[in-house]
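Everything on this sheet refers to the single structure shown next.
Proteins come first, then strands; the chains are lettered A, B, ... in the order of their sequence lines, and each starts at number 1. In this text, all values refer to a predicted model and were calculated from it rather than measured experimentally.
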Amino acid sequence: MAMLHTVNKSSFDRNTFESCLRLAKEGSSVLLIEDGVYAAMKNTTAAEQINSAMGTLTFYVLGPDMDARGIKADALIDGFKIVDYNGFVDLSIEHDSVQSWL
Amino acid sequence: MAMLHTVNKSSFDRNTFESCLRLAKEGSSVLLIEDGVYAAMKNTTAAEQINSAMGTLTFYVLGPDMDARGIKADALIDGFKIVDYNGFVDLSIEHDSVQSWL
Amino acid sequence: MKFGIMINEGPYNHQAADSAYQFAKAALEKGHEIFRVFFYHDGVNNATRLAVPPQDDRNVTKMWQELAEAHKLDLVVCIAAAQRRGILDADEAKRQGKDADNIASGFRISGLGQLIEAGIQADRLLVFGD
Amino acid sequence: MKFGIMINEGPYNHQAADSAYQFAKAALEKGHEIFRVFFYHDGVNNATRLAVPPQDDRNVTKMWQELAEAHKLDLVVCIAAAQRRGILDADEAKRQGKDADNIASGFRISGLGQLIEAGIQADRLLVFGD
Amino acid sequence: MSTIKKFFYVNRKAPYGTVYALESLEVVLIGAAFEQDVTLAFIDDGVYQLMKNQSTAGIGMKNFSPTYKALGDYDVTKLYVEKESLEARGLTIDDLMDLKWEDEDDDWAENDSIRVVTSAELADIMSEQDVVLSF
Amino acid sequence: MSTIKKFFYVNRKAPYGTVYALESLEVVLIGAAFEQDVTLAFIDDGVYQLMKNQSTAGIGMKNFSPTYKALGDYDVTKLYVEKESLEARGLTIDDLMDLKWEDEDDDWAENDSIRVVTSAELADIMSEQDVVLSF
């Protein structure tokens, strides 16, 4: 079963995103929302970890939360797909279950 | 001026304690309270960082918060001093100012 | 598709309620059903009718009320969490000997079983929190 | 010595209010003075009189009320933060056209200037939060 | 309601500093009456919820750790603790409460409720769940 | 009140995900009227508060970032940003808003409000403060 994992915390502030990466199974998707979106930016101390997970997980980031925080699309790590709330709804349907990492 | 720094977050969950260690000046004191007390335990991934800061900072831990969480005195890293709320009050007086790392 | 939503934080202090609202709104506009929105932990604070947010900011409680009105949403506030935090309806206020109540219309107070039921009945349960 | 205390979180959801209370109690018992306790952010939720915590748990609002009564503490709730979150006294309720209020006796609602003043007047200001 | 779903409770937060551990436990107890397939996971600081010898008199809060011992009586018998989380915190299973459940289908034999599993094992278990409740 | 104290505002949290950044700013604005010595520090995720181009229409929340630009008018002119925090997040000062204040003692010359400092420099500044407000 494919799972959608959402992460709403900054990976610089908390271990939430790291735990999600450790426990998300190959073939799952990860959607960054709220303060979680900062992890999608290039050139951070978290970027390497994401790059190495790109092969096994699919990464999404919530556009409205990027915009609020002043993050432009060209600042994202290659491979991140931007979705809006409609896309968030679709993702939760396309996957068999949703786990919120809080 | 000597400062008292309090940390109330688990060092495994958040970066709070790490930031406190980075920014606390030599001669300051650090008091762990609430979920912050877990960092005082031996044999954790945080212990090495604390050991190397023991020379420049003085470390305290709030006993009532340890007891609540089932942490015994012999589980602490050497050098940690246990205080109760009276000791917390005394520490805040002995230092020139108090910074809560939230 | 049928969604259940759990909200763990109060309005304004955390984005959780806002995110849940935007998600619910998008789902409803796409024609999906929201089986229930369950407010737990500090999430019960979404249900007060006494809040007066600044004029230039959103009113989270009102947003839920209007969405519920338009789509017949079931907005359920956990009774145990609500009692701890001082969210009461008229019946509860009377039962507890309190001289006032503060629940907003459109919300109802009930037990944790309503959350489990949402988990069982909904095709997907989403949690929004801190 | 004169202390000021700021509390940033509501009761039960976070330990902040409990820690602040234990600190304040210890300071007072040692003969120190608490110039003011200022409730900010979700901390304003400490000031509701409508909470009914379980019988086998503590009642945080009541703890503050009793400590204030015994030591003439000044318990100040930030008006802007309180309005956002639905904590009102009778005057505010009237001014805002609300049909109920929920502030507990012993607390008063005032502006952020009271926090700054506490910082100026107190020898030490301590913050308890999330 | 005849549907049996797999309910998965994710506990990642320490007790007392925040209320999530306590209020999560309240959901588990109520949920037990619904006869679903219930699993609890203790990850990251969630493992601290199960520490032995909790004693809260000094902080004036209610010690709710005995409630974990009652879970077996509610047929909540699958408590998975992530090995990596324990190790990072310098803990072993001996630091945790000894939680048991009695198997009525096996002459009430006593079994351990806590099972320490690796992240890889936990990831497998997690991926089979229908409803994930996190706090 | 004639006492002048050094007030230090510690901002360590990102905007919008939580209210702390916004409500901290409200304290700073009110506090400015008290004519104390005011310093703001932006550490860890607090540096995100100063990002350029914030646009909140999509999340339905109020964009309060323009308020930082008004701080100079309130004589709040010392905003220290920790270099190490910026770098860990892949940011430079060019990613932050351009905040200015006018020096009335120097023919209203425009000065930068934001100063990027190392942790060691910030530790020195921090250790000289009287009142530390953290949110």
Leading residue by heavy atom contact count with chain E [cutoff under 4.5 Å; candidates B:N8, B:D35, B:L62, B:D65]: B:D35

Top contributor to chain E interface from B:D84, B:T45, B:I71 [non-hydrogen pairs under 4.5 Å]: B:T45

Part of E:D45 lying under 4.5 Å from any heavy atom of chain B: side chain

What part of E:Q49 is in contact with chain B, defined as an atom under 4.5 angstrom from a non-hydrogen atom: side chain, backbone, both or neither? neither

Do any N or O atoms from the side chain of E:D107 and from the backbone of E:A109 form a donor-acceptor pair under 3.5 angstrom? no

Check: E:E26 side chain, E:L22 main-chain N or O, donor-acceptor pair, under 3.5 Å: no

Quick test of your reading of the model: are E:K78 and E:D37 salt-bridged, counting only N-O distances below 4.0 Å? yes

Between B:K42 and B:D74, does at least one N-O distance fall below 4.0 Å, as a salt bridge requires? no

Is the E:Y48-B:Y38 ring centre distance short of 6.0 angstrom? yes

Toward chain E, the part of B:K9 with a non-hydrogen atom under 4.5 Å: neither

May I ask you to name which of E:G90, E:P15, E:A88, E:S65 has the most heavy-atom pairs under 4.5 Å with chain B? E:A88

